[in-house]
Peer 1: 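Starting off with a structure, shown below.
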Amino acid sequence: MAGLLSLPTTFGFVAVRADEPCGFVLASLAGGESEILSIAVVPARRGSGIGTVLLAAAVETARAAGADRMFLEVAADDPAALALYRAGGFAPAGRRANYYGSGVDALLMSRRLEA
Ligand SMILES: CC(C)(COP(=O)(O)OP(=O)(O)OC[C@H]1O[C@@H](n2cnc3c(N)ncnc32)[C@H](O)[C@@H]1OP(=O)(O)O)[C@@H](O)C(=O)NCCC(=O)NCCS
């Protein structure tokens, strides 16, 4: 995490509820494209919209910086993450077979970032 955050191409946000950090998103931005590197919400706060807010913050930051497309990778068997990304406007753009081992594929997803 520290290594990623020290790169000039990486940005991120921490969500805070009741004075406690409860989630984060990390993304990269280079060459007019952006990528979600990691996003997570603490278990006790999941399902209350925090992931949606974090994803929107990353999308808006990348758009404001001039990126025209955003990408991510997600485990094909992760319904919560898939729902988050679909609701955020991401659509499947490819598949990497057995990427996570044990027969779990990675789904590549992307969305345009309209000006
Ligand atoms: C994925 C994750 C970040 C979502 O964060 P969250 O704060 O719970 O998400 P939200 O409350 O904003 O919900 C976003 C959407 O996902 C749906 N969702 C949330 N949890 C769900 C679940 N367990 N199953 C199915 N859908 C779910 C919500 O209904 C919502 O969809 P909607 O807008 O159509 O109603 C969170 O579950 C998490 O931290 N998971 C572990 C880490 C992880 O898998 N990260 C992604 C790696 S690619």
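Order of appearance sets the numbers: ligands from 1, and atoms from 1 within every ligand. All figures in this text were calculated on a predicted structure; none of them were measured in a lab.
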Peer 1: Would you say Phe71 and Leu108 make side-chain contact, with heavy atoms under 4.5 Å?
Peer 2: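 No, every pair of side-chain atoms sits at 4.5 Å or beyond.
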Peer 1: Quick test: of every protein heavy atom, which one is nearest to atom 28 (C) of ligand 1, and how far off is it to 0.1 Å?
Peer 2: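 For atom 28 (C) of ligand 1, the nearest protein heavy atom is Ala83 CB, 4.7 Å.
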Peer 1: Using the rule that Ile, Leu, Val, Met, Phe, Trp and Tyr join whenever any side-chain heavy atoms are under 4.5 Å apart, tell me whether Tyr99 and Val104 fall into a single cluster.
Peer 2: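 Same cluster: Tyr99 reaches Val104 through Ile, Leu, Val, Met, Phe, Trp or Tyr contacts under 4.5 Å.
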Peer 1: Purely on distance, is any nitrogen or oxygen of Tyr85 under 3.5 Å from one on ligand 1?
Peer 2: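 The answer is no, given that Tyr85 and ligand 1 share no N or O pair closer than 3.5 Å.
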Peer 1: According to a 4.5 Å side-chain heavy-atom criterion applied to Ile, Leu, Val, Met, Phe, Trp and Tyr, with indirect links allowed, do Leu29 and Leu7 form part of one hydrophobic cluster?
Peer 2: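 No.
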Peer 1: Please write down residue, atom name and distance for the protein heavy atom closest to atom 45 (N) of ligand 1.
Peer 2: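 In this structure, atom 45 (N) of ligand 1 has Ile39 O, 2.8 Å as its nearest protein heavy atom.
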Peer 1: Please determine if Glu73 has a nitrogen or oxygen closer than 3.5 Å to a nitrogen or oxygen of ligand 1.
Peer 2: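 Looking only at distances, the answer is no, because the N/O contact criterion of under 3.5 Å is not met.
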Peer 1: Report the C-alpha separation of Tyr85 and Ile39 in whole Å, then their side-chain angles, then the decisive distance to 0.1 Å, and conclude whether the side chain to side chain contact (heavy atoms under 4.5 Å, CB included) test is met.
Peer 2: CA-CA 11 Å; Tyr85 297 140; Ile39 184 168; 3.1 Å; yes
Peer 1: Do the non-hydrogen side-chain atoms of Thr61 and Phe13 ever get within less than 4.5 Å of each other?
Peer 2: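 Yes - at least one pair of side-chain heavy atoms lies under 4.5 Å apart.
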Peer 1: Are any of the side-chain heavy atoms of Val59 and Arg111 separated by less than 4.5 Å?
Peer 2: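 Result yes, sub-4.5 Å side-chain heavy-atom pair found.
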Peer 1: Can you list the atoms of ligand 1 that are under 4.0 Å from a heavy atom of Gly49?
Peer 2: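 Atoms satisfying the 4.0 Å criterion: 10 (P), 11 (O), 12 (O).
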Peer 1: Indicate yes or no: does an N/O atom of Ala87 lie under 3.5 Å from an N/O atom of ligand 1?
Peer 2: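 Looking only at distances, the answer is no, because the N/O contact criterion of under 3.5 Å is not met.
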Peer 1: Return the residue, atom name and 0.1 Å-rounded distance of the protein heavy atom closest to atom 37 (O) of ligand 1.
Peer 2: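 Protein heavy atom at minimum distance: Arg46 CD, 3.5 Å.
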Peer 1: Indicate yes or no: does an N/O atom of Ala81 lie under 3.5 Å from an N/O atom of ligand 1?
Peer 2: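 Ala81 vs ligand 1: no N/O contact under 3.5 Å.
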Peer 1: Give the minimum heavy-atom separation between Asp105 and Ala97, together with the two atoms involved.
Peer 2: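 In terms of heavy atoms, the two residues are closest at OD1-CA, 3.3 Å.
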Peer 1: If you compare all heavy atoms of Phe24 against all heavy atoms of Leu54, which two are closest, and at what distance to 0.1 Å?
Peer 2: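 Shortest heavy-atom contact: N-CD1, 3.6 Å.
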Peer 1: Does Ser48 approach ligand 1 within less than 4.0 angstrom via side chain, backbone, both or neither, non-hydrogen atoms only?
Peer 2: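 Just the backbone.
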Peer 1: Using heavy-atom distances only, which candidate in Val74, Leu72, Leu84 approaches atom 2 (C) of ligand 1 most closely?
Peer 2: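 When every heavy atom of Val74, Leu72, Leu84 is considered, Leu84 comes closest to atom 2 (C) of ligand 1.
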Peer 1: Starting from atom 27 (C) of ligand 1, which protein heavy atom do you reach first, and at what distance in Å?
Peer 2: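 Atom 27 (C) of ligand 1 sits closest to the protein heavy atom Ala80 CA, 3.8 Å.
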Peer 1: Is the shortest side-chain heavy-atom distance between Leu26 and Leu5 below 4.5 Å?
Peer 2: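 Result yes, sub-4.5 Å side-chain heavy-atom pair found.
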Peer 1: Within 4.0 Å of atom 14 (C) of ligand 1 (strictly less), any protein heavy atom?
Peer 2: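 So far as the 4.0 Å threshold goes, atom 14 (C) of ligand 1 is in reach of a protein heavy atom.
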Peer 1: Between Val74 and Leu84, is there a side-chain heavy-atom distance shorter than 4.5 Å?
Peer 2: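 Side chain of Leu84 against side chain of Val74, heavy atoms only: no contact under 4.5 Å found.
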Peer 1: Among the clusters formed by ILVMFWY side chains lying less than 4.5 Å apart, do Met70 and Leu82 turn up in the same one?
Peer 2: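 As far as the 4.5 Å side-chain criterion goes, Leu82 and Met70 are connected within one cluster.
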Peer 1: Would you say ligand 1 has an N or O under 3.5 Å from any N or O of Arg45?
Peer 2: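 No; every N/O pair is 3.5 Å or more apart.
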Peer 1: Looking at Thr52, which atoms of ligand 1 are within less than 4.0 Å of one of its heavy atoms?
Peer 2: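 Close to Thr52: 10 (P), 12 (O), 13 (O), 14 (C).
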Peer 1: For ligand 1, is there an N or O atom under 3.5 Å from any N or O atom of Ala40?
Peer 2: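 Ala40 vs ligand 1: no N/O contact under 3.5 Å.
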Peer 1: Establish whether atom 11 (O) of ligand 1 and some protein heavy atom are separated by less than 4.0 angstrom.
Peer 2: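 Yes, because at least one protein heavy atom sits under 4.0 Å from atom 11 (O) of ligand 1.
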Peer 1: Is atom 41 (C) of ligand 1 touching the protein, meaning some protein heavy atom lies under 4.0 Å away?
Peer 2: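 Flag for atom 41 (C) of ligand 1 set to true, protein heavy atom closer than 4.0 Å.
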Peer 1: Give me the nearest non-hydrogen protein atom to atom 44 (O) of ligand 1 as residue plus atom name, then the distance to 0.1 Å.
Peer 2: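 Protein heavy atom at minimum distance: Asp78 OD2, 3.0 Å.
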Peer 1: For a quick test of reading the model, state the closest non-hydrogen atom pair linking Val25 to Ala58 and the distance between them.
Peer 2: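 That closest heavy-atom pairing would be CG2-CB, 4.1 Å.
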Peer 1: Write down the atom of Ile50, the atom of Cys22, and the distance for their closest heavy-atom approach.
Peer 2: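 Closest pair (atom of Ile50, atom of Cys22, distance): CD1-SG, 3.7 Å.
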Peer 1: Closer than 4.0 Å to some heavy atom of Gly47 - which atoms of ligand 1 meet that?
Peer 2: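 The atoms of ligand 1 under 4.0 Å from a heavy atom of Gly47 are 6 (P), 7 (O), 8 (O), 11 (O).
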Peer 1: As a check for students: among Ile36, Val41, Val25, identify the option with a heavy atom nearest to atom 39 (O) of ligand 1.
Peer 2: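 Answer by nearest heavy atom: Val41.
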Peer 1: Counting only non-hydrogen atoms of the protein, does one fall under 4.0 Å from atom 8 (O) of ligand 1?
Peer 2: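 True for atom 8 (O) of ligand 1.
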